[in-house]
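Just below is one structure, and these are the notes that go with it.
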Amino acid sequence: QKEVEQDPGPLSVPEGAIVSLNCTYSNSAFQYFMWYRQYSRKGPELLMYTYSSGNKEDGRFTAQVDKSSKYISLFIRDSQPSDSATYLCAMKDSWGKLQFGAGTQVVVTP
Amino acid sequence: EPEVTQTPSHQVTQMGQEVILRCVPISNHLYFYWYRQILGQKVEFLVSFYNNEISEKSEIFDDQFSVERPDGSNFTLKIRSTKLEDSAMYFCASSVGDRYNEQFFGPGTRLTVL
């Protein structure tokens with residue numbers, strides 16, 4: 001079983017819709033959870049960073065962590081064509097090494 | 001806004017040659033990392049570095065790989081004798097601390113081994 005599972009998509013949504021992304025994980029030692037956005041052939045850009053169960057909101061982005069179910073989500077409200085990218089979940093235990101999901105490709109159509 | 005920079009953006013080399021990929025982490029960061037991403041695959045951890053020592057490395061980071069912080073600003077990844085399967089995007093990242101702090105990534109170096 002992979003440590004971090006993420007549906008690769010692609011996920012296509014119309015402009016203005018809510019984008020819903022999620023990852024599951026198997027390692028209960030993971031304590032820190034991140035979402036990165038990656039445009040084609042570019043480096044991952046940090047969007048959200050959380051370390052406790054619950055919701056964290058930043059502008060149009062909401063990150064949700066459920067440690068009991070080993071499940072994390074990212075929601076993007078009022079999606080724009082510029083949100084079209086690959087979204088990577090990443091997580092780590094108490095040390096620095098990040099474990100990434102495969103990434104979900106999101107396409108927001110005008 | 002401070003950012004991680006990497007050079008070159010694209011490196012083409014012949015199999016068996018040595019390559020050095022360079023990174024300049026964010027200036028007040030103390031922890032440095034290298035990751036790689038083979039085309040179409042997920043980002044994979046290679047190595048972490050703190051206080052001039054490797055703190056953790058993956059099984060990918062074998063004897064062909066080495067890292068160095070030759071001065072106060074640069075952080076390098078050397079691949080001694082490149083193989084075809086080393087072709088990938090290599091990302092440098094840095095963070096202020098280790099456990100609790102976000103890692104910020106550079107734009108990557110695309111390595112093509114012919």
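Just the heavy atoms: all of them, side chains too, but no hydrogens, waters or symmetry mates, feed the values below. We name chains A, B, ... by the order of the sequence lines, and we start the count at 1 in each one.
Annotation: maximal heavy-atom pairing with chain B below 4.5 Å, among A:Gly103, A:Pro44, A:Ala102, occurs at A:Pro44. No other option in A:Gln6, A:Lys42, A:Gln99, A:Lys97 has as many heavy-atom pairs under 4.5 Å with chain B as A:Lys97.
Interface residue A:Tyr49: only side-chain heavy atoms are found under 4.5 Å from chain B. Contact of A:Leu46 with chain B is made through the side chain alone, with heavy-atom distances under 4.5 Å. Heavy atoms of B:Gln37 lying under 4.5 Å from chain A belong exclusively to its side chain. The part of A:Gln38 that comes within reach of chain B is its side chain, from C-beta onward, which places non-hydrogen atoms under 4.5 angstrom from that chain. In this structure, chain A has a heavy atom under 4.5 Å from the side chain of B:Tyr33, while its backbone stays farther away.
A salt bridge between A:Lys70 and A:Glu5 is absent, with no side-chain N of the basic residue lying under 4.0 Å from a carboxylate O of the acidic one.
To the nearest 0.5 Å, atom OG1 of residue A:Thr62 and atom CG of residue A:Leu74 are 8.0 Å apart. For the atom pair CE (A:Met34) and CD (B:Glu102), the distance works out to 8.5 Å, reported to the nearest 0.5 Å. Once rounded to the nearest 0.5 Å, the distance linking CG of B:Leu111 with CD1 of B:Ile79 reads 5.5 Å.
Aromatic rings of B:Phe91 and B:Tyr35 (six-membered ring for Trp) have centroids beyond the 6.0 Å cut-off, not under it.
The two atoms that bring B:Ile38 and B:Ser87 nearest to each other are CG1-O, 4.0 Å, heavy atoms only.
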